[in-house]
A.B. asks: 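Dropping the structure in here first, questions after.
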Amino acid sequence: MVLLLKTISELRSHVVINRQKHQRQIGLVPTMGALHQGHLSLIKQAIAENDLIIVSIFVNPLQFAPTEDLAEYPRQLDRDLKLCQQLGVDLVFAPNAQEMNSIGDTTVLANTTTVLPPQNMSEVLCGKFRPGFFTGVATIVTKLLNIIQPDRVYFGQKDAQQLAIIRRLVTDLNIPVKIVACPIIREASGLALSSRNQYLTVKEKEQAAQIYRSLQQAATAFAQGELNAKVLINLVQQELSLVEGVTIQYVELVDPVNLQSLDQIKHSGLLAIAAYVGSTRLIDNIVLQKRQPIVAIDGPAGAGKSTVTRRVAHKLGLLYLDTGAMYRAVTWLVMESGIAIDDERAIAALIENISLKLTSPNAVNLPTVVHIDEQEVTNAIRTPEVTANVSAIAAQAAVREKLVVMQQQWGEKGGIIAEGRDIGTNVFPDAELKIFLTASVAERARRRWQDLQNQGRNDIDLQQLAQDIKQRDEQDSNRAIAPLKKADDAIELITDNLTIDEVIEKIIDFYEQIN
Ligand code: AMP
C-alpha cells in the first residue's frame with residue numbers, strides 16, 4: 001500500500017528508518033502531480049534502481065508568476081495515488097504550500113531564502129519569458145534533496161533546461177545525489193506528454209503535434225550533415241509557420257550542458273522550443289548529437305595494425321574493439337562447454353544469446369578486459385589451447401555473422417577503433433575515418449625477419465619470408481569471407497619509411513581533422 005505523507009517531519013522519520021536501519025537505497029521522483037506516462041516512466045526507472053521509491057507531488061507556487069496558471073494547474077491527488085500504488089511506489093509526499101515554506105507567506109520568492117542558479121543558465125530559453133521560474137525550481141529541488149537525501153533523483157529530458165540547471169546546482173553545491181535523466185515520452189502523434197496537455201482541445205492537440213514534427217525536420221537535416229544553427233532553427237520556424245494556431249515563443253540551439261547559444265554544432269546541440277497552442281504554453285526539445293567517430297584500420301598482415309590501433313585507442317580515449325579477443329572469447333566458451341570445434345550448428349546455438357563485454361585496459365600494454373556473461377575471462381582466452389583453435393572458430397560463417405552484428409551494435413554509439421581486413425568495407429562502411437595501413441612486401445618481410453632475429457631465430461631466410469607474405473596477401477584478398485580490400489574512401493598509409501610513432505601521429509592528425 002502506498003503511504004501518503006503530508007508533513008516533513010513524518011517523511012524524515014520514515015526515510016531515516018529506511019536508510020539507517022534497513023540500508024535501503026532511496027530514489028526520488030519530484031513532480032507537480034497530474035501524473036501521466038512521462039512521470040510514470042521516471043517512476044518505473046526509479047523502481048528498477050532503488051529499494052525505496054518516493055514520489056513528491058507539489059505544485060510549487062515559487063515557479064508560477066502572478067499571471068500564470070497556478071490556480072488552474074491540474075490537481076488530481078486521488079488519481080495520482082492510485083497510479084503510484086499500481087506501480088509499487090512506497091511513499092507519496094504531498095505537502096501543502098505552508099508545510100514547504102515554514103515561515104510567513106512564502107509563496108513568493110521575495111519572502112524566502114532562495115537558490116539562485118547561474119544567470120547565464122536561468123535567464124535564457126524559458127527563463128527569458130518566465131523570470132524567477134528557475135530560482136523557484138532550484139529552491140524547491142534543493143529543499144526536497146535536503147529533506148529526503150535520496151541516493152538518486154529522476155528528471156525528464158522534456159524539461160531540458162531544468163535538468164541542466166539541476167545538474168549544475170548539484171555539482172556547485174556538492175549535493176551527494178545521482179541525477180538520472182529519462183527520455184521524453186510522447187503520444188503516438190509525437191506530442192510530448194505534459195500535464196498541461198489537458199488544457200488542449202482535440203484540434204489544438206493536432207496542431208501541437210506539429211511542434212515535434214518541426215523538430216524532426218531539423219533532426220533529419222542534421223543527420224544529413226547540416227550543423228549550422230541558423231539553418232536548423234529556420235527549418236523549425238518555417239515548418240511551424242505553416243501550422244495554424246501555433247505561435248512560437250522561441251526556438252534556440254544551445255549547448256546541452258551549459259545552455260549557451262551555439263552558431264554551429266560541434267559535438268551536440270539542444271534544439272529547444274516553446275510555443276503557444278491557443279492559450280497553452282508548451283515546450284519540447286531534441287538533442288542533436290554527433291556520434292563519436294569510428295576509426296577503421298584495415299590492411300595486410302604484418303603492417304603493424306594491432307600495435308598502432310592499440311596505441312591510437314589509448315591516446316584518443318577510444319575503445320579498442322579487439323575483434324581478435326571476441327573470437328578468442330567464443331573459442332574459450334566452445335571449449336568450456338565441451339562442444340566439438342567443428343560442430344558449427346551447436347556452436348551457432350551456443351552463442352545465440354552470448355553476452356560479451358570488452359573494456360579498455362588501464363595501460364596500453366595490457367590486454368583488453370573481456371567478460372562473458374559477467375565472468376571475467378581476460379586471461380583465460382589467451383592460453384595456447386585457445387590460440388590453437390581460434391582460426392577454426394573464426395572461419396565459421398555463423399560465428400562471424402553473430403560477432404559482426406555485435407560489433408556493429410557497439411559501433412552505433414561511436415567512439416571505437418577497430419582493425420582487421422574488412423572493418424572499413426564490411427563491418428563499419430560508414431566509419432568516419434578509414435585507414436588502409438600497409439607497407440611493401442619487402443618491408444614487411446624485413447620487419448618480421450627482425451622480430452624473429454630478436455627472438456633468437458637466426459635460421460629464417462628473408463627471401464622465403466617475403467614469398468610467404470606475398471602468398472598470404474593473395475589468400476587474404478581472395479578468400480570468400482571478409483576478404484582484404486581497401487575501401488574506396490580509405491586513406492592509404494604506406495609505412496615503409498615511417499616509425500610507429502610517426503604512423504600514430506599521422507592517424508591522430510587525421511582524426512583531429514574530422515572530429
Ligand atoms: P512536472 O510534474 O511537470 O514538474 O514533471 C515532473 C518530472 O517529470 C520532470 O522531471 C519532468 O521533466 C518529467 N516529465 C514531464 N513530462 C515528461 C515526458 N513527456 N517525458 C519524460 N519525462 C517527463
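In this chain, residues are counted from 1 in sequence order. Order of listing sets the numbers, starting from 1, for every ligand and every atom in it.
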A.B. asks: Is it true that E99 and N96 share a donor-acceptor pair across their side chains at a distance under 3.5 Å?
C.D. replies: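 There is no such pair (donor and acceptor under 3.5 Å, judged by atom type) between the side chains of N96 and E99.
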A.B. asks: Ignoring hydrogens and geometry beyond distance, is a side-chain donor-acceptor pair present between Q76 and Q198 at under 3.5 Å?
C.D. replies: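 Yes, a side-chain donor-acceptor pair sits under 3.5 Å.
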A.B. asks: For the residue pair E419 / Y320, report whether a side-chain donor-acceptor contact shorter than 3.5 Å exists.
C.D. replies: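 Looking only at side-chain atoms, E419 and Y320 do form a donor-acceptor pair, the distance falling under 3.5 Å.
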A.B. asks: Ignoring hydrogens and geometry beyond distance, is a side-chain donor-acceptor pair present between Y327 and D322 at under 3.5 Å?
C.D. replies: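 Distance-only check fails for Y327 and D322.
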A.B. asks: One line per pair, note the atom names and distance for all nitrogen or oxygen contacts under 3.5 Å between ligand 1 and the protein.
C.D. replies:
unit_1: ligand 1; atom_1: 2 (O); unit_2: M32; atom_2: N; d: 2.9
unit_1: ligand 1; atom_1: 2 (O); unit_2: H39; atom_2: NE2; d: 2.9
unit_1: ligand 1; atom_1: 5 (O); unit_2: H39; atom_2: NE2; d: 3.4
unit_1: ligand 1; atom_1: 10 (O); unit_2: G156; atom_2: N; d: 2.8
unit_1: ligand 1; atom_1: 12 (O); unit_2: G156; atom_2: N; d: 3.1
unit_1: ligand 1; atom_1: 12 (O); unit_2: G156; atom_2: O; d: 3.2
unit_1: ligand 1; atom_1: 12 (O); unit_2: D159; atom_2: OD2; d: 2.6
unit_1: ligand 1; atom_1: 16 (N); unit_2: L193; atom_2: O; d: 3.4
unit_1: ligand 1; atom_1: 19 (N); unit_2: I185; atom_2: O; d: 2.9
unit_1: ligand 1; atom_1: 19 (N); unit_2: L193; atom_2: N; d: 3.4
unit_1: ligand 1; atom_1: 19 (N); unit_2: L193; atom_2: O; d: 2.9
unit_1: ligand 1; atom_1: 20 (N); unit_2: I185; atom_2: N; d: 2.8

A.B. asks: Is a donor from one side chain sitting under 3.5 angstrom from an acceptor on the other, for Y199 and E204?
C.D. replies: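 Distance-only check fails for Y199 and E204.
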A.B. asks: For Y250 and F129, take the angle between the two ring planes, folded into 0 to 90°, and tell me which bin it lands in: parallel under 30, tilted 30 to 60, perpendicular over 60.
C.D. replies: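 If you compare the ring of Y250 with that of F129, the planes turn out parallel.
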